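As the structure is a computational prediction, the values presented were derived from the model and not from experiment.
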Protein chains: 4
Amino acid sequence: MSQEKSSVGRPKNEAASTALKEVALNLVMQKGYDAVSITEIVNGAGVSRQTLYNRWATKAELVLDAFFELANRRVEMPDLKSQTSRQTLLSDFLKQIFLHLEKDGDSLGSFVSAAQSDHDFREKFYTRFVAPRADIVRKLLKDAQSRGELAPDKNIELWTAFIHGAFWYRLINGQPIPQDLANEIAEEVFR
Amino acid sequence: MSQEKSSVGRPKNEAASTALKEVALNLVMQKGYDAVSITEIVNGAGVSRQTLYNRWATKAELVLDAFFELANRRVEMPDLKSQTSRQTLLSDFLKQIFLHLEKDGDSLGSFVSAAQSDHDFREKFYTRFVAPRADIVRKLLKDAQSRGELAPDKNIELWTAFIHGAFWYRLINGQPIPQDLANEIAEEVFR
Amino acid sequence: MSQEKSSVGRPKNEAASTALKEVALNLVMQKGYDAVSITEIVNGAGVSRQTLYNRWATKAELVLDAFFELANRRVEMPDLKSQTSRQTLLSDFLKQIFLHLEKDGDSLGSFVSAAQSDHDFREKFYTRFVAPRADIVRKLLKDAQSRGELAPDKNIELWTAFIHGAFWYRLINGQPIPQDLANEIAEEVFR
Amino acid sequence: MSQEKSSVGRPKNEAASTALKEVALNLVMQKGYDAVSITEIVNGAGVSRQTLYNRWATKAELVLDAFFELANRRVEMPDLKSQTSRQTLLSDFLKQIFLHLEKDGDSLGSFVSAAQSDHDFREKFYTRFVAPRADIVRKLLKDAQSRGELAPDKNIELWTAFIHGAFWYRLINGQPIPQDLANEIAEEVFR
DNA sequence: GTGTAAGCGAGACGGTACGTCGTGTCTTGGA
DNA sequence: TCCAAGACACGACGTACCGTCTCGCTTACAC
């Protein structure tokens with residue numbers, strides 16, 4: 001990746017990328033994805049229009065990049081080597097997610113929104129945000145099965161969808177996602 | 001309140017509303033919500049721009065109205081007096097929903113999209129589309145409990161969210177919703 | 001004129017006409033002809049849109065009607081039987097015109113404006129406002145000639161144009177029309 | 001001050017300005033000022049709507065610019081060094097004006113019209129079109145006085161107004177301006 | 001140390017859609 | 001037959017954003 005530097009001509013100003021991502025993310029969090037214009041972002045970043053287009057093809061790509069950088073710094077894989085019960089691990093993991101959901105709910109709404117009309121965006125959002133989190137749950141459930149904490153014939157795929165569906169469902173419908181929901185879900189999973 | 005016809009001034013031409021809804025819905029189903037412009041809709045309906053704005057404040061409201069009219073003609077409450085097992089009733093009900101989801105997936109995506117940026121819209125969408133369907137499932141589960149087909153200590157609210165979350169989750173992530181998923185869900189509920 | 005009453009159906013409400021003319025004239029004097037809309041006039045008069053169109057075909061006709069009613073009440077034919085010098089008569093007549101010009105300057109501007117784009121309007125404005133005033137001057141000059149106060153070979157038509165041109169020229173260019181101009185003009189005519 | 005080229009950013013495309021002016025002027029001459037829409041002009045010029053608004057705030061300013069460019073190429077200052085009688089010079093100058101008036105009468109009407117409702121426009125029209133022509137006449141009259149061809153006590157300002165008023169008066173009233181009027185005016189001035 | 005190629009700001013450009021306004025006509029029910 | 005109320009088709013308005021383009025200037029490496 002560091003290899004592909006053409007080393008000819010003036011190098012890209014990394015500060016511009018940083019400024020763009022920061023401004024874009026802030027604006028989207030404040031006003032929602034659709035309400036933010038490219039013009040607004042580049043003005044806010046003190047950067048020219050073309051500079052943005054030199055780095056990202058669309059607003060969607062820029063904003064996603066910015067968001068992921070933030071979000072992925074915050075996923076904390078549960079420690080499957082610990083002896084804590086898998087129910088507790090699940091509950092704690094969900095609580096951690098719900099905490100961010102509280103803060104980022106509106107931007108996430110924006111992304112869900114953008115994902116519906118822009119299939120590229122949807123793919124990226126799924127691959128880089130949704131799927132990794134689903135994977136963690138999936139692994140946790142399998143681990144629980146192998147440890148005998150979960151019935152061996154539980155449909156893991158379905159339960160992964162149940163768990164994530166439960167809070168996405170509340171999210172897109174604008175309902176609050178209380179910390180307690182994490183406990184309720186974990187309890188029902190391991191019943 | 002339902003009588004509030006003002007009867008003063010020229011009455012609104014109902015045919016215009018009908019034409020607008022039909023054209024709008026068709027276009028959205030063909031090209032997606034965002035790709036359809038107001039100009040396109042009014043031209044297609046042979047109606048003036050202002051006439052649309054006299055009836056709906058935004059494209060979202062128009063399309064929503066049009067869609068509900070269609071969708072609500074298609075909800076079929078399961079017959080709780082029948083002796084069919086509640087698991088089968090649930091499975092059949094979900095299958096029926098999934099069938100429409102297949103066809104209307106993109107428009108539904110549009111609505112979810114619009115709902116994220118427009119909270120009025122979200123409220124309407126929830127009240128008129130999401131909630132009624134959730135209610136049916138909730139009633140069905142309670143009925144199953146009272147008939148002893150479902151454990152009496154199952155968390156009905158949570159399971160309602162599980163069930164709907166499962167397919168909404170797939171929907172917003174652009175994944176197919178196979179008919180078989182209905183069986184899988186029903187099975188897991190009544191396990 | 002009073003003959004042509006059809007006497008079938010509800011008679012026209014004369015108060016509506018009066019209100020329309022009054023409102024129209026006031027609005028035009030305040031904001032200028034172009035800035036006043038039909039909608040504004042009918043709302044101001046508390047009258048329906050159709051009622052206006054039942055009486056006048058265009059805004060121009062209504063406004064002209066209203067203006068003429070006012071203006072023609074104010075023309076005062078100089079008394080050609082008096083022994084006052086014709087120069088004084090002319091000067092006094094012009095002074096009287098200039099006085100109204102001061103007040104009505106902007107609406108007159110509006111009419112000149114409307115007259116340029118609407119040839120019907122131009123014709124009516126000329127026939128009912130400009131020409132009568134020109135006629136008076138023409139008659140006065142001829143009378144002065146017959147009394148020997150004016151050179152018999154003066155080109156009356158041209159001088160009529162000179163005299164009116166002089167202040168219309170100032171009017172359309174937005175220059176003030178001082179009372180003293182009346183004296184200057186009269187002096188130069190009878191030099 | 002004439003050097004104030006900013007030289008930053010993409011420079012304005014001069015061809016677009018030229019095309020806009022040409023199309024605008026042609027359309028106005030064909031159909032009259034009011035009948036020409038901005039949409040029509042930009043389409044005709046193959047230029048985007050915003051490009052027009054980047055250069056002129058209103059249709060009036062554009063058309064005025066276009067017209068001046070044409071008109072000012074056509075003013076021909078009479079040669080005050082020639083020995084031709086000043087009466088002939090005046091008559092010839094007026095004839096030259098009347099010739100253009102014939103062709104441009106309707107556009108000029110449009111400008112007079114616009115000038116009445118828009119005081120900025122009025123100022124520009126006066127400064128750039130009316131006043132220069134009046135100045136020429138004023139100078140010519142003064143020269144005639146200094147050469148003894150005109151009575152030294154003639155009120156030059158008033159006569160300048162007489163002369164221009166005479167044909168403007170006919171113009172705004174939609175009356176023809178025959179070439180012979182130039183002779184009549186000159187004759188009366190130098191009588 | 002100079003040439004050359006890319007980066008960059010500023011901002012113009014062709015497009016497309018927007019929501020609003022004004023026009024003159026039409027359509028009701030009631031006077 | 002008139003009227004108030006207001007819907008309607010039409011067409012223009014000025015604004016907003018998009019993604020691309022065209023300048024003059026500024027890097028920074030490669031010769």
Side-chain angles (χ1 to χ4, degrees), chain A residues 5-13 15-16 34 36-40 42-43 46-55 57-59, chain B residues 5-17 34 36-43 45-55 57-59, chain C residues 5-13 15-16 34-43 45-55 57-59, chain D residues 5-17 34-43 45-55 57-59:
Chain A
K5 269 201 78 191
S6 61
S7 102
V8 178
R10 176 174 174 176
K12 284 189 183 172
N13 176 4
D34 282 348
V36 178
S37 74
I38 299 255
T39 306
E40 215 174 348
V42 297
N43 286 351
V47 144
S48 89
R49 210 175 175 65
Q50 190 56 53
T51 298
L52 189 156
Y53 282 106
N54 282 345
R55 292 161 162 78
T58 61
K59 183 175 57 160
Chain B
K5 262 214 82 203
S6 61
S7 106
V8 66
R10 175 174 174 175
K12 287 192 180 169
N13 178 2
E14 220 34 67
S17 296
D34 280 351
V36 177
S37 73
I38 299 252
T39 305
E40 216 174 347
I41 296 173
V42 298
N43 286 351
V47 143
S48 91
R49 205 174 180 67
Q50 189 55 53
T51 296
L52 188 157
Y53 283 107
N54 281 346
R55 292 163 161 75
T58 61
K59 185 174 56 159
Chain C
K5 269 198 75 185
S6 59
S7 102
V8 177
R10 176 172 171 176
K12 282 188 182 172
N13 176 4
D34 281 348
V36 177
S37 76
I38 299 255
T39 305
E40 215 175 348
I41 296 173
V42 298
N43 286 351
V47 145
S48 89
R49 208 173 175 67
Q50 189 56 53
T51 299
L52 188 157
Y53 282 106
N54 282 346
R55 293 163 161 77
T58 61
K59 181 174 62 161
Chain D
K5 261 214 85 201
S6 61
S7 106
V8 66
R10 176 173 175 176
K12 287 192 180 171
N13 177 3
E14 220 33 68
S17 296
D34 281 351
V36 177
S37 74
I38 299 251
T39 305
E40 215 174 348
I41 296 173
V42 298
N43 286 352
V47 143
S48 91
R49 205 174 181 66
Q50 189 56 52
T51 296
L52 188 156
Y53 283 108
N54 280 345
R55 293 164 160 76
T58 60
K59 184 174 59 161

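When side chains are defined from C-beta on, C:Val36 counts as touching C:Ile41, because their heavy atoms get closer than 4.5 Å.
A straight line from CD1 of C:Ile38 to P of F:dC8 spans 21 Å, rounded to a whole angstrom. C:Lys59 has its NZ atom 9 Å from the C1' atom of E:dG22, to the nearest Å. Look at CD1 on B:Ile41: it is 11 Å from P on E:dG19, rounded to the nearest Å. Here the C1' atom of nucleotide F:dT27 and the CG atom of A:Asn13 are 11 Å apart, to the nearest Å. The distance from atom CG of C:Asp34 to atom P of E:dC21 is 18 Å, rounded to the nearest whole Å. The nearest whole Å value for the distance from the CG atom in C:Leu52 to the P atom in F:dC2 is 15 Å.
The nucleotide whose nearest atom lies closest to any side-chain atom of C:Lys12 is, among F:dC2, F:dC18, E:dA17, F:dC2. Checking E:dA12, F:dA5, F:dA12 against every side-chain atom of B:Arg49, the shortest atom distance belongs to F:dA12. When distances run from any side-chain atom of D:Thr51 to the nucleotides E:dG14, E:dA12, F:dA7, the shortest one goes to E:dG14. Ranking E:dC13, F:dA12, F:dT22 by closeness to the D:Asn54 side chain, first place goes to E:dC13. Of the candidate nucleotides F:dC13, E:dG19, F:dC18, E:dG19 has the atom nearest to the side chain of B:Tyr53.
At a cut-off of 3.5 angstrom, the base of E:dC13 holds no donor-acceptor pair with the side chain of D:Arg10. Contact annotation: side chain of D:Ser48 to base of E:dG14, donor-acceptor pair present below 3.5 Å. Side-chain N/O atoms of C:Gln50 and base N/O atoms of E:dC26 include a donor-acceptor pair closer than 3.5 Å.
The side chain of D:Thr39 contributes an N or O atom lying less than 4.0 Å from OP1 or OP2 of F:dC13.
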**Q.** Worked check of side chain to side chain contact (heavy atoms under 4.5 Å, CB included) between A:Leu52 and A:Ile38
**A.** CA-CA 9 Å; A:Leu52 189 156; A:Ile38 299 255; 4.2 Å; yes
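Atom CD of C:Glu40 and atom NZ of C:Lys59 lie 9.0 Å apart (nearest 0.5 Å). In this structure, CZ on A:Arg49 lies 8.5 Å from CG on A:Asn43, to the nearest 0.5 angstrom.
Remark on DNA chain F: of its neighbouring residues C:Ala16 and D:Val36, the 5'-side contact belongs to C:Ala16, judged by nearest-heavy-atom nucleotide. Taking the nucleotide of DNA chain F with the nearest heavy atom to each of D:Ala35 and C:Val47, the more 5' of the two is matched to C:Val47.
In this structure a side-chain-to-backbone donor-acceptor pair under 3.5 Å is present from D:Lys12 to D:Asn54.
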